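Structure first, commentary second.
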Amino acid sequence: MLAARDAGLYCPAGDFYIDPCLPVERAVITHAHSDHATAGSQRYLTARHGDVLLRERVGSDPAIESVAYGEPVTMGGVTLSFHPAGHILGSSQVRLERGGEVWVVSGDYKLAPDPTCRPFEPLRCHTFVTESTFALPIFRWPAASDVVTAIEAWWRANQEAGKASLLFGYPLGKAQRVLAALDPTIGPIVCHGAVERYNRIYRGQGIALPTPAELKDYSRALIVAPPDAHNSPWSRRFGPASTAMVSGWMRIRGTRRRRSLDRGFVLSDHADWPSLLRAIDETGAATVWVTHGYRAPLVRWLDEHGRQAVSVETRLAEPEAGTRPEADA
Ligand SMILES: [Zn+2]
Ligand SMILES: [Zn+2]
């Protein structure tokens, strides 16, 4: 059904690529993160909920078609449909069926609850193509509600100390998930332009997010910004501040200190190790293709537990797992 080519996963029978990293004629896109949605292709197909975000990424010039979750589309001899992946707004798994054979390409996914997107839908298939961003047994996430409570407690403590709360997180997906969950009565909320750009799109899709405040005194404020704003001139305008990052990588001891942050909150938009194993198990797939992340440990575990597992490189020059804490983690 699929073959790994230089541009990414290619379906010969349907003549399309899934999340190609090079421009192609026909691209099927699981979600709008930059490592999945490359600009320059001639035609795009994605899930309806992700349509506006994809346009924001690749521009309005190419033809972008979208279909509702679960609605079948026929391409060549292949029937394709999108199903929620629970990762960010509009994120999808891609289900392919041909002559009774079913493949599912997960894209990025998580099983944990997220108020900003539809929950992951378990699908049965013969071959499952899974991501492996956090495929090591050390990656186990605390409950998201506990993490939100911890962020709120940190914010209140900073207010008492007369400090602004500078919270860094990935600007598409992570920021909105946190903003939607926080109690907005604690104090004013300010968003960096890179975050507010996506907030507007989320609000346009009916997701309630706090309205950013205009302030002179930031000592009671929570400021949400992308990781690369840390230690930038922009981040110094808020006066005395406590800094924190929200990411799955905060689970690794030393990451917070290395990045000279006061706090690290472990919250990821990817599945942790137990969730990866559960999701794979629920597909019933005999064969599993493992793509970007910690491929080797997951392949080894699956091999030892009775599944046929294959490590598949879907990106040219794939970054080494764990080296990009700024990525959508
Ligand atoms: Zn992603
Ligand atoms: Zn990804």
Side-chain angles (χ1 to χ4, degrees), residues 2 4 7-9 17-22 27-39 44 46-47 49-58 82-94 104-112 114 116-121 128-136 139 141 144 169-178 194-195 197-198 201-202 205 226-228 246-249 267-273 275-276 279-280 289-295 298 311-329:
L2 292 174
L9 289 175
Y17 282 85
I18 299 178
D19 291 352
C21 61
L22 298 171
V28 170
I29 303 294
T30 62
H31 66 290
H33 277 147
S34 56
D35 55 331
H36 295 259
T38 302
Y44 290 89
T46 197
H49 288 79
D51 179 298
V52 186
L53 284 172
L54 182 60
R55 254 167 238 282
E56 182 76 15
R57 279 286 191 208
V58 305
F82 295 96
H83 303 265
H87 174 60
I88 64 165
L89 177 65
S91 66
S92 310
Q93 307 172 75
V94 176
V104 170
V105 178
S106 73
D108 291 341
Y109 65 99
K110 71 172 174 290
L111 309 190
D114 180 337
T116 66
C117 63
R118 295 266 297 268
F120 178 87
E121 181 185 328
F128 185 51
V129 182
T130 184
E131 60 130 323
S132 60
T133 307
F134 289 109
L136 286 179
F139 292 114
W141 309 145
Y170 198 74
L172 168 53
K174 179 66 54 62
Q176 292 75 29
R177 183 184 182 195
V178 171
V195 171
R197 168 184 172 203
Y198 294 115
I201 295 176
Y202 272 62
Q205 307 265 327
D228 56 13
V246 55
S247 166
W249 298 114
L267 185 73
S268 177
D269 290 330
H270 293 266
D272 62 359
W273 174 254
S275 301
L276 283 168
I280 291 167
W289 283 20
V290 180
T291 64
H292 66 310
Y294 290 101
R295 288 178 284 156
L298 184 55
S311 176
V312 180
E313 202 168 339
T314 53
R315 303 273 179 282
L316 294 172
E318 192 167 332
E320 208 181 303
T323 58
R324 297 169 59 232
E326 297 79 11
D328 59 308

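Just so it is clear, the structure is predicted and the values come from calculations on it, not from any experiment. Both counts, for ligands and for their atoms, begin at 1 and track the order of listing.
Residues forming a side-chain hydrogen bond (donor to acceptor under 3.5 Å, both in side chains) with Ser91 (at least two apart in sequence, or on another chain): none.
Relative orientation of the His87 and His31 rings is perpendicular, given thresholds of 30° and 60° on the angle between their planes. Ring geometry for Tyr294 against Phe139 counts as tilted: the plane angle lies between 30° and 60°, on a 0 to 90° scale.
When you scan the N, O or S atoms of Asp108 for the one nearest the Zn ion (ligand 2), you land on OD2. When the Zn ion (ligand 2) is compared with the N/O/S atoms of Asp35, atom OD2 turns out nearest. Looking only at its N/O/S atoms, His33 has ND1 as the one nearest to the Zn ion (ligand 1).
Not one N, O or S atom of His31 sits under 2.8 Å from the Zn ion (ligand 2). At a cut-off of 2.8 Å, His87 coordinates the Zn ion (ligand 1) through an N, O or S atom.
Between the side chain of Arg57 and the main chain of Ala32, a donor-acceptor pair closer than 3.5 Å is present.
To the nearest 0.5 angstrom, His33 atom NE2 is 7.0 Å from Asp269 atom CG.
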